[in-house]
Amino acid sequence: MELAHSSTTLNGSSPQKLHSPHKHKHHKDKDRKHKYVLDSNGKPKIGPDGKRIRIKREHRPEHHTANHAGDQGVMQVKTERMDSGEPHQNSGVTNHGDNEEIRRMKKKLKKEKHAKKRKAEENDVKPNIKKVKTKAEPSSTLSSPTKKKTKKMKEEEEAASKWKWWEEKKDTDDGIKWKTLEHKGPMFAPEYEPLPSSVPFKYGGKVMHLEPETEEVMTFYAKMLDHDYTSKEIFNKNFFHDWRKVMTSKEKEIITDLGKCDFRATNEYFKMKSEERKARSKQEKQKEKEEKDLIQEEYGFCMWDNHKEKIGNFRLEPPSLFRGRGDHPKMGKIKKRLQAKDIIINCSKGSKVPSPPPGQKWKEVRHDNTVTWLVSWTENIQGQNKYIMLNANSRIKGEKDWQKYETARKLKDRVDKIRQDYWRDMKSQEMAIRQRAVALFFIDKLALRAGNEKEEGEGADTVGCCSLRCEHIKTHKMLDMQEYVIEFDFLGKDSIRYYNKVPVPKQVFKNVNLFMENKDGEDDLFDRLTTSNLNKYLNSLMDGLTAKVFRTYNASITLQQQLNDLTDPDDTLAGRMLSYNRSNRAVAILCNHQRAAPKNFSEQMQRARERIQKKQDDIADAKQEVKSAKSDFKHHKTESNKKKYETKKKKVERLQEQLIKLEVQATDREENKEIALGTSKLNYLDPRISVAWCKKWDVPIEKVYNKTQRDKFAWAIAMVDETYVF
């Protein structure tokens, strides 16, 4: 409860100003109302004498905290005795229950903020941020324009404080990646929490108790019960084989058939937990976000040569079932939980080494400044080395990207000579040279990956250009009314099928048939060629040239040409974005960046068609209104009728623009249903092409790159204007 304000103290001396922890702006008329007893409508009550009933004033000591009864808008009168000895309960202050770790992180974050501010003042750096006066507002105003403005200011602050490494003089490339490196190490996955006793696992129709380790692996499969993977024989076979490895001997004796296992209760339990998570209140979501931000600040950054750099992904992946891409032969196997004994830490000498979890030790601590990874381990499915590295927007990643695209641009000046050379070699007397020429033709014209050598039996049966086998190729002298067609059918990277029928020059066709003579299907097509030999030859033609550079070059030059051909100066913004996506799609098709159509694709398209139909109906109605308004204006040429007519015309124009946008979006979605645009846009296309196109055609860069991608390509956005050409 809150005491009414008093003009004098009990002893008649001047009052001291009382401060409330809550800052509220009181209007004079509101203060006046607070002197009287209010009725349910918030108006002062009238007494028998016809006068307003005043509130009796009472002294409030300095240390007393006022509690505003905001919901009723009424100031309550404190009635308990001041000398009762009972402590005053302030219901207006809530305890958020932050644990010691969160408080410690908040304190550290605050110190860093002050230190950064002091450093900026010392260097006379004035952040380009306007101070905005804000007042306490209820949570319902979270989506107000004030929030948007604050978010924009935050982005500006981040941009102002970002390390503009591209403006600095580059050090000589002596193999040293950093001089000092300090970080907190990885964040381990949380320990497994056993299922409640009310969630049973059944085998053969009977409830069966599982040991925690066995139960945890069971939940991996139960969570995927509705997924296509659990309908695949190889997935089920691999899972059951690995699951039995973690079972106790007693569990192994009982559980002998995956088909008798009933995972439905566990599946329903996790669905329920997912729905509960979605139904959380705004306050709960906000609190979780704040805690994640604190964890991000603690683990998500490192000090790299005295610059604060963001780490890519500091969280170690929790144990789960391996999925792979395409028809991977190891899908369904168990990815084990990582412990500190599996982890190699890399940091500079003299820096604080990250602390492992209590009771554990790192596998190794290194101080190798010739590599860019912070943390390394070997995963148990394919035995591959995995790393925690810097975020894509870091200097080391940005410089690598920049160099990659600059090398591809250099190839533009040499590619004609290289093509002349491999066409000359098509008729070489030496079989190895002739095979190299055909392989280069495939890599250049079809953007095939070179393919890396690997041990027999390692992972999926994936191949590249140099590792193609005769069974992957069919030649047709005439197919679909075209001469000299080569039909490719093989599994490429990530077990994605590459299938293409390509008409080729006659000499290429003759050579391929020559390479296949007297060979079986499992024999190598290019038996005199390896990826390393091919790249060694390419490097002799141009410093830094590899087969992969051809892929980057062809992707980028294709985008540049497509944008030049498809962009219409008279197009709307939506039309220009359709042209951009079509240009990007041409690259994705060239690079074979496929994806499965979304499961609910037909429903998405149906909803899109319904929105288009509704908009067309709205336009028809609006045109009728225009016709009516025009008639009114024709008969009564008043200013109001003229204004009404013009307003109706503008409404039709606005609705037509919205219709065009909806139709463009539907077309875009239809054309992209089985094509993945993201891979080429982020890894094979020189971002400076997209930036220059946006600047030339007044397309907001946000339409092409999201916030994360803009951070990744900040160097490209800063360094080029609309005149840049790849």
Side-chain angles (χ1 to χ4, degrees), residues 101 104-105 108-109 111-112 115-116 119 161-189 294-318 335-404 452 544 711-712 714-715:
E101 179 70 9
R104 182 180 66 78
M105 290 165 72
K108 181 180 177 182
L109 189 59
K111 283 183 179 178
E112 288 180 355
K116 188 176 179 182
K119 188 176 180 180
S161 62
K162 185 175 176 62
W163 180 14
K164 295 179 176 59
W165 50 264
W166 54 88
E167 295 178 356
E168 299 177 2
K169 186 178 179 181
K170 192 179 184 302
D171 295 335
T172 54
D173 189 6
D174 54 0
I176 303 300
K177 306 299 183 184
W178 47 263
K179 296 173 184 176
T180 60
L181 174 60
E182 186 171 340
H183 55 92
K184 289 283 291 185
M187 185 174 183
F188 286 83
L294 290 170
I295 292 170
Q296 171 73 38
E297 190 66 30
E298 182 80 0
Y299 287 93
F301 295 89
C302 69
M303 292 305 296
W304 180 291
D305 288 346
N306 298 319
H307 286 278
K308 188 177 180 180
E309 288 274 53
K310 194 173 183 180
I311 298 171
N313 186 11
F314 54 85
R315 288 181 172 85
L316 295 177
E317 193 177 4
K335 289 193 285 186
K336 294 180 180 177
R337 181 181 294 277
L338 290 168
Q339 307 287 348
K341 63 182 180 180
D342 305 313
I343 303 297
I344 300 173
I345 297 292
N346 192 30
C347 59
S348 56
K349 287 182 180 179
S351 67
K352 185 179 178 182
V353 177
S355 302
Q360 297 187 44
K361 288 185 179 179
W362 301 120
K363 179 180 180 180
E364 185 185 346
V365 176
R366 291 186 190 173
H367 309 293
D368 187 355
N369 62 2
T370 64
V371 296
T372 58
W373 54 266
L374 286 63
V375 175
S376 174
W377 68 94
T378 304
E379 55 89 24
N380 67 291
I381 302 295
Q382 301 183 87
Q384 295 179 342
N385 291 330
K386 298 287 186 179
Y387 305 97
I388 289 177
M389 308 182 83
L390 293 189
N391 188 269
N393 66 3
S394 62
R395 177 186 69 85
I396 202 74
K397 293 278 190 180
E399 282 183 343
K400 189 175 179 181
D401 276 352
W402 187 4
Q403 184 59 48
K404 175 176 72 174
N452 297 313
D711 288 344
K712 173 182 171 71
W715 59 273

- prompt: Quick one: side-chain contact (heavy atoms from CB on, under 4.5 Å) partners of His307, sequence neighbours excluded?
  reply: Trp163
- line: Taken in chain and number order and not counting sequence neighbours, the residues that satisfy side chain to side chain donor-acceptor pair (under 3.5 Å) with Arg366 are Glu364
query: Which atom pair, heavy atoms only, marks the closest approach of Leu181 to Cys302?
result: CD1-SG, 4.1 Å
task: Looking only at non-hydrogen atoms, find the nearest pair between Asn393 and Lys310 and report the distance.
output: OD1-CB, 4.2 Å
- prompt: Which pair of heavy atoms, one from Trp178 and one from Asp368, lies closest together, and at what distance?
  reply: CZ2-O, 3.2 Å
Approximate separation, where rounding is to 0.5 Å, of Ile311 CD1 and Asn391 CG: 9.5 Å
- prompt: Which pair of non-hydrogen atoms, one from Phe188 and one from Gln339, has the smallest distance, and what is that distance?
  reply: CE2-C, 3.7 Å
- prompt: What are the two closest non-hydrogen atoms of Asn306 and Thr180, and how far apart are they?
  reply: N-OG1, 3.6 Å
message: I'd like to check Asn346 versus Tyr387 (side-chain heavy atoms, cut-off strictly below 4.5 Å). Are they in contact?
response: no
task: Give, for atom CG of Leu374 and atom CD1 of Ile388, the distance between the pair rounded to the nearest 0.5 Å.
output: 7.5 Å
- prompt: Is the shortest heavy-atom distance from the side chain of Trp373 to the side chain of Asn385 under 4.5 Å?
  reply: no
message: Once rounded to the nearest 0.5 Å, what's the spacing between atom CD1 of Ile343 and atom OG of Ser376?
response: 8.0 Å
- prompt: Where the side chain of Asn369 meets the backbone of Ile176, is there a donor-acceptor pair that is under 3.5 Å apart?
  reply: no
query: Got Asn380 and Asp342 here, is their nearest side-chain heavy-atom distance under 4.5 Å?
result: no
task: Return yes if some donor-acceptor pair links the side-chain N/O of Gln360 with the main-chain N/O of Ala340 below 3.5 Å, else return no.
output: yes
query: At what distance, to the nearest 0.5 angstrom, does CH2 of Trp166 lie from CH2 of Trp402?
result: 9.5 Å
message: Within this structure, what is the CG-NZ distance for the pair Leu390 and Lys397, rounded to the nearest 0.5 Å?
response: 7.5 Å
field: side-chain contact (heavy atoms from CB on, under 4.5 Å) partner of Tyr299, the single match among His183, Arg315, Lys184
entry: Lys184
- request: Provide the full list of salt bridge (Lys or Arg N to Asp or Glu O under 4.0 Å) pairs with a residue in residues 369-396, sequence neighbours left out, each pair given once.
  value: Arg395-Glu399
- request: State, to 0.1 Å, how close Ala189 and Arg337 come at their nearest heavy-atom pair, and which atoms those are.
  value: O-NH1, 3.6 Å
message: For Lys363, is the NZ atom crowded, meaning more than 12 foreign heavy atoms sit under 6.0 Å from it?
response: no
- request: For the residue pair Asp401 and Lys404, establish whether any side-chain heavy-atom pair is separated by less than 4.5 Å.
  value: yes
